[in-house]
Amino acid sequence: MRSTAYTSARPRYDLADIVGLLFRQIGIMLLVFLVIAVLGTLAVMTLQKTYTAEARIFAGVGQEYVYQPRVGVTERGQAPEGDAVTQSEAAILNSQEVKQRVIQSLGPAAILGDKASGSRAVQEAQAMKALEGGLAIGVAPGSPIIAVGYESSDPARAATVLNAIVDAYLAYRRELFTDRSTDANLAQQQAFEDDLAQADAEYQAFLRSNDIGDFAAAKAGYATSYQTVYADRLSTQALLRQTDQRLQTLEAQLARTPPEVALSQDLNVSARDQILQARNEREALLARYLPDSQPVRDIEARIAQLEAYVASGGGVGVKEVRTGPNPIWTELETTRITVQAERDSLQARLAALDGQLEQIKARQSELVQVESQNATLSSEREVLSANIREFQQRASQSRADSALVQAGADNVTVIERATAPTTGKSLKLPLLALVILFAGFTALCVGLARIFSRRDFATAEVVGRTLDMPVLAVAPFKAR
């Protein structure tokens with residue numbers, strides 16, 4: 001007869017019951033613990049020591065991260081923050097393309113070592129998995145330094161693979177940031193040059209049809225000519241008025257001046273000659289006679305009569321008068337003719353200047369009518385020329401930038417390349433601790449599972465607690 005009773009109610013345990021029951025399951029728990037611990041220890045002991053090669057890369061802000069418009073001469077955009085550039089470079093370093101290039105350059109066997117097996121595709125897949133598992137990239141906030149590490153069981157292999165990863169990254173990023181717009185810029189420049197040639201032909205046809213050499217020079221020249229001719233016209237007009245007034249004055253003077261005047265006249269001076277002759281005779285008589293002689297007194301009486309005649313005015317008069325043209329009138333007439341000829345020439349000059357002004361104004365009017373067309377054609381040529389210069393500059397800058405990038409002149413510098421690590425690390429002790437903890441936890445779980453899966457009452461206390469009734473006596477188990 002069994003000493004335990006069965007019921008549909010689940011047994012109720014307290015902590016002391018659980019601890020006591022666990023001691024009853026110590027055998028099975030120890031067995032589970034030993035099995036798991038031994039198997040885990042054997043598995044941990046098969047692990048090899050790993051070596052981690054390390055490298056450091058400086059990734060600063062370069063012009064490839066600054067926005068530059070493809071068309072136009074606007075200013076470049078603002079450079080991003082250093083953390084964003086570092087994160088971007090780290091993403092490029094960790095890209096599948098870089099890993100694929102490392103596999104292609106080194107070969108799967110150089111990455112896998114003794115673990116390489118199977119076909120080429122299988123080995124490449126295993127090598128990719130090894131790279132993804134062994135490569136570690138670290139970026140510190142606010143720092144432009146990228147720390148790169150690669151873990152492998154062989155120290156030389158770890159350094160070789162990591163250096164290959166760095167080299168592949170540098171080559172790949174240079175290809176990524178190489179300006180590929182040179183050919184497109186040259187093609188666009190050629191298109192603009194063709195458009196400019198057509199625009200030049202249209203502009204030249206426009207100039208020939210309007211008889212213009214240079215529109216701006218022609219317009220400025222006609223404006224200057226108009227000012228010069230107009231100023232000359234005003235001067236000529238003032239001079240013409242002055243000449244008219246002078247001519248009127250000369251004509252008035254000619255009207256008041258006689259055309260003929262007495263040129264010369266001969267005077268009658270015979271009485272004076274007789275007085276002189278009588279005085280000469282008196283002197284001759286004095287040589288022969290005394291002063292009071294009769295002949296001398298007679299000649300003196302005659303001299304006195306002649307002098308009295310001359311003193312009365314009757315002894316002098318006009319004997320003969322000769323007339324001729326008045327020299328003043330002649331001079332005035334000559335001046336009048338000269339001034340009249342000058343006035344006629346000024347009138348002709350003024351008429352010529354008026355005609356020139358009309359021609360210049362007509363030509364200026366024609367230029368004003370075609371000015372809008374000239375402005376359209378000229379602006380089109382200027383825009384095309386500016387675009388050609390811009391794309392020429394862009395093409396040359398793009399070629400220079402590509403050459404500099406290919407030469408290594410960029411914002412990324414390898415500070416420290418990978419070298420073969422001298423010390424490795426092993427996870428045997430941490431893993432052994434984890435195995436022991438796991439084995440103990442599993443054994444405890446097995447013991448608890450066996451306790452809580454029981455349907456009988458192991459002790460009198462469990463019976464009383466489960467059935468909520470006192471246990472009066474306990475009979476020992478008796479074998480049949």
Side-chain angles (χ1 to χ4, degrees), residues 39-59 86-140 145-178 180 405-408 410-432 434-435:
L39 293 178
T41 301
L42 293 177
V44 169
M45 290 303 173
T46 60
L47 296 177
Q48 298 179 355
K49 183 179 291 188
T50 60
Y51 298 86
T52 302
E54 295 181 351
R56 285 174 175 80
I57 300 173
F58 173 83
T86 308
Q87 294 290 342
S88 175
E89 295 294 337
I92 297 174
L93 180 60
N94 196 31
S95 63
Q96 294 290 329
E97 179 64 24
V98 172
K99 298 172 185 176
Q100 190 64 38
R101 293 189 178 199
V102 172
I103 295 173
Q104 296 297 328
S105 62
L106 296 180
I111 300 173
L112 297 175
D114 298 336
K115 298 179 181 179
S117 61
S119 63
R120 174 73 179 185
V122 173
Q123 292 182 8
E124 289 182 355
Q126 293 176 352
M128 178 63 72
K129 185 176 181 180
L131 289 176
E132 291 179 351
L135 182 62
I137 300 174
V139 177
I145 305 300
I146 302 176
V148 189
Y150 183 74
E151 184 179 3
S152 177
S153 59
D154 185 358
R157 185 187 306 126
T160 301
V161 173
L162 184 55
N163 286 328
I165 291 174
V166 172
D167 293 336
Y169 154 71
L170 293 176
Y172 180 52
R173 75 171 304 279
R174 287 169 186 169
E175 293 180 8
L176 285 179
F177 293 114
T178 298
R180 299 177 179 84
V405 170
Q406 292 299 327
D410 52 17
N411 62 310
V412 173
T413 304
V414 179
I415 300 177
E416 179 183 352
R417 298 189 70 88
T419 58
T422 57
T423 58
K425 61 180 180 179
S426 176
L427 297 178
K428 290 182 178 180
L429 293 179
L431 290 178
L432 285 175
L434 289 177
V435 167

Might you point out which heavy atoms bring [X] and [Y] nearest each other, and give the distance in Å?
X: A55; Y: L162; result: N-CD2, 3.7 Å
X: L135; Y: I165; result: CD1-CD1, 3.9 Å
X: A164; Y: L106; result: CB-CD1, 3.5 Å
X: A159; Y: A418; result: O-CB, 3.9 Å
X: P108; Y: R120; result: CD-NH1, 3.1 Å

To the nearest 0.5 Å, how far apart are [atom1] in [X] and [atom2] in [Y]?
X: Q123; Y: M128; atom1: CD; atom2: CE; result: 14.0 Å
X: I137; Y: I92; atom1: CD1; atom2: CD1; result: 11.0 Å
X: R101; Y: S95; atom1: CZ; atom2: OG; result: 8.5 Å
X: K129; Y: Q126; atom1: NZ; atom2: CD; result: 8.5 Å
X: Q104; Y: E97; atom1: CD; atom2: CD; result: 9.5 Å

Task: Residues E89, Y169; criterion side chain to side chain contact (heavy atoms under 4.5 Å, CB included); working and verdict - done: CA-CA 9 Å; E89 295 294 337; Y169 154 71; 2.5 Å; yes
Open item on the list: Which residue in the set T86, L93, L170 passes side chain to side chain contact (heavy atoms under 4.5 Å, CB included) when paired with I57?
Closed with: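 When T86, L93, L170 are each tested with I57, the side chain to side chain contact (heavy atoms under 4.5 Å, CB included) holds only for L93.
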Task: By side chain to side chain donor-acceptor pair (under 3.5 Å) - contacts of N163 (at least two apart) - done: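 With sequence neighbours excluded, N163 shows a side chain to side chain donor-acceptor pair (under 3.5 Å) to no residue whatsoever.
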Open item on the list: Going by the rule side chain to side chain donor-acceptor pair (under 3.5 Å), which residues pair with E132 if we only count those two or more places apart in sequence or in a different chain?
Closed with: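 Partners of E132 by the side chain to side chain donor-acceptor pair (under 3.5 Å) criterion, ordered by chain and then number, come out as Q96.
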Open item on the list: Less than 4.5 Å apart, side chain to side chain, heavy atoms only: is that true for F58 and I145?
Closed with: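 Of all side-chain heavy-atom pairs linking I145 with F58, at least one is under 4.5 Å.
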Task: Heavy-atom side-chain contact between I111 and E124 under 4.5 Å - done: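 No, side chains not in contact.
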